[in-house]
Amino acid sequence: MTCIYGLGSSVVNYVISDLALYNEIIKFDILNNHEPDFDHRPLLITLNFVMHRDPIENNPYSQKNLIFDRNNNDLFLNELKTNLLPLSSIDNIEDLYHDFNTTLSYSINKF
């Protein structure tokens, strides 16, 4: 159950993906810890992909679970807008992919 409320519970939260992304899902969990005033339990998916040019050793102990602080929504979006805009001038797809992933990873880790 993903939604728990006074009158009962139900499954109302989903993760939707295409087949290619679905094949990269390593783990799918429904977390029990949710904010007291919130009826919905968070969904957690772990994807099998690397956000760097250099491969990272496939080690389950090195995986991180990031919890986003919702109070930082505006700061996070401003960070992305500022750092993603310069990427529009990159012509090489490999450089663009690398810089995009680096920028996104940096912003996620920052907030």
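Scope of the values below: all heavy atoms of this structure, side chains included, with no hydrogens, waters or symmetry mates.
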(message) Side chains of Asp18 and Tyr22, heavy atoms from C-beta outward: is any pair under 4.5 Å?
(response) no
(request) State the CD1-CG distance between Ile26 and Asn48, to the nearest 0.5 angstrom. (result) 4.0 Å
(message) What's the separation between atom CG in Asp95 and atom NE2 in His98, rounded to the nearest 0.5 Å?
(response) 8.5 Å
(message) Check whether Asn92 reaches the backbone of Glu94 with its side chain - one donor and one acceptor, N or O, closer than 3.5 Å.
(response) yes
(message) Using the rule that Ile, Leu, Val, Met, Phe, Trp and Tyr join whenever any side-chain heavy atoms are under 4.5 Å apart, tell me whether Leu85 and Leu80 fall into a single cluster.
(response) no
(request) Taking the side chain as every heavy atom from C-beta outward, state whether Ile30 and Leu43 have any pair of such atoms under 4.5 Å apart. (result) yes
(message) Within a 6.0 Å radius of atom CG on Asn23, are there more than 12 heavy atoms belonging to other residues, nucleotides or ligands?
(response) yes
(request) Applying side chain to side chain contact (heavy atoms under 4.5 Å, CB included) between Phe100 and each of Thr102, Leu104, Thr103, report the one that passes. (result) Leu104
(message) Do Asp99 and Ile90 have side chains that approach each other closer than 4.5 Å (heavy atoms only, starting at C-beta)?
(response) yes
(request) Can you measure from CG (Leu84) to CG (Leu77) and round to the nearest 0.5 angstrom? (result) 10.5 Å
(message) Distance check, rounded to the nearest 0.5 Å: Ser107 atom OG versus Asn72 atom CG?
(response) 12.0 Å
(request) Evaluate the side-chain proximity of Leu96 to Leu87: yes if any heavy-atom separation is below 4.5 Å, no if none is. (result) yes
